[in-house]
Amino acid sequence: MGKDTVADIITSIRNADMNRKGMVQISSTNINENIVKILLREGFIKNVRKHCENDKSFLVLTLRHRRKRKGSYKTILNLKQISRTGLRIYSNYQRIPRILGGVGIVILSTSQGIMTDREARSEGIGGEVLCYIW
């Protein structure tokens, strides 16, 4: 785990999804907890539970998978990190991008906390674009 917690959570979830793992264990920070709450609320993950071990707390995520009838596997979760430590991307509420015509979500870090693009537009605030999820 590096210093970029958003990149770590995105990479962990993407790798587990590609390898057909049902559960992912990530470190528990305020940013990670807020992003996971959004993923749970939007239906991208099934379940979240907090696990403590040796004075360290972890979030255990249960992922959703979509299978076709003939047994082929298709990932249901596509994540793309936008802002990173070397290049921060900011957007006002009028220019927040729409992913797949509004089907996907954009997670933003605003002055009111971490929220989705729909919430930010309704509040009329912009912020740092963390990632796209579709």
Side-chain angles (χ1 to χ4, degrees):
M1 293 281 177
K3 300 249 184 218
D4 193 1
T5 60
V6 175
D8 289 341
I9 187 174
I10 288 173
T11 303
S12 298
I13 293 172
R14 185 185 306 123
N15 288 343
D17 193 41
M18 286 183 350
N19 291 324
R20 301 180 187 180
K21 303 281 184 190
M23 298 185 132
V24 181
Q25 183 175 350
I26 58 172
S27 63
S28 177
T29 62
N30 288 335
I31 294 172
N32 287 353
E33 287 179 11
N34 289 330
I35 290 174
V36 166
K37 284 179 188 175
I38 290 173
L39 290 174
L40 183 64
R41 186 176 61 221
E42 295 291 327
F44 288 105
I45 58 177
K46 278 186 189 177
N47 192 11
V48 179
R49 65 184 166 89
K50 200 167 191 175
H51 178 72
C52 294
E53 184 176 300
N54 296 336
D55 295 334
K56 291 185 179 182
S57 58
F58 298 98
L59 295 173
V60 180
L61 312 176
T62 306
L63 301 178
R64 289 187 188 264
H65 294 291
R66 179 173 49 193
R67 296 178 192 268
K68 292 185 178 177
R69 286 187 177 181
K70 295 183 179 178
S72 63
Y73 176 80
K74 183 167 171 100
T75 61
I76 195 168
L77 193 60
N78 293 313
L79 300 127
K80 182 178 180 185
Q81 181 184 14
I82 303 303
S83 266
R84 46 194 168 94
T85 55
L87 180 64
R88 303 284 186 194
I89 306 295
Y90 296 95
S91 178
N92 64 8
Y93 76 96
Q94 298 163 335
R95 295 184 183 231
I96 297 172
R98 294 185 191 272
I99 306 302
L100 295 177
V103 174
I105 61 171
V106 178
I107 296 181
L108 296 140
S109 176
T110 66
S111 60
Q112 303 291 321
I114 295 178
M115 59 179 65
T116 64
D117 55 342
R118 283 178 240 128
E119 294 169 346
R121 280 191 202 97
S122 67
E123 295 283 328
I125 55 176
E128 181 183 353
V129 180
L130 296 178
C131 61
Y132 298 157
I133 301 169
W134 70 95

message: I'd like to check the side-chain hydrogen bond (donor to acceptor under 3.5 Å, both in side chains) partners of K50; sequence neighbours left out, ordered by chain and number.
response: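 With neighbours one apart ignored, the set is E33.
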For the student: nearest non-hydrogen atoms of [X] and [Y], plus distance:
| X | Y | answer |
| --- | --- | --- |
| I96 | R121 | O-NH2, 3.0 Å |
| Y93 | I125 | CB-O, 3.4 Å |
| P97 | D117 | O-OD2, 3.9 Å |
| V103 | R118 | O-NH2, 4.5 Å |
| L100 | W134 | CD1-CD1, 3.6 Å |

Supply the atom-to-atom distance [X] [atom1] to [Y] [atom2], rounded to the nearest 0.5 angstrom.
| X | Y | atom1 | atom2 | result |
| --- | --- | --- | --- | --- |
| R49 | Q25 | CZ | CD | 8.5 Å |
| L39 | R64 | CG | CZ | 11.5 Å |
| I10 | I35 | CD1 | CD1 | 6.5 Å |

Is there a donor-acceptor pair under 3.5 Å between the side chain of [X] and the backbone N or O of [Y]?
| X | Y | result |
| --- | --- | --- |
| N32 | S28 | no |
| S122 | E119 | yes |
| N19 | N15 | yes |
| S83 | I89 | yes |

message: Please determine whether side chain to side chain contact (heavy atoms under 4.5 Å, CB included) holds for the pair I9 and L79, giving the CA-CA distance in whole Å, both sets of side-chain angles, and the decisive distance to 0.1 Å.
response: CA-CA 10 Å; I9 187 174; L79 300 127; over 6 Å; no
- prompt: Residues in side-chain contact (heavy atoms from CB on, under 4.5 Å) with T85, at least two apart?
  reply: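 Counting only residues at least two positions away or on another chain, T85 forms a side-chain contact (heavy atoms from CB on, under 4.5 Å) with D4, R88.
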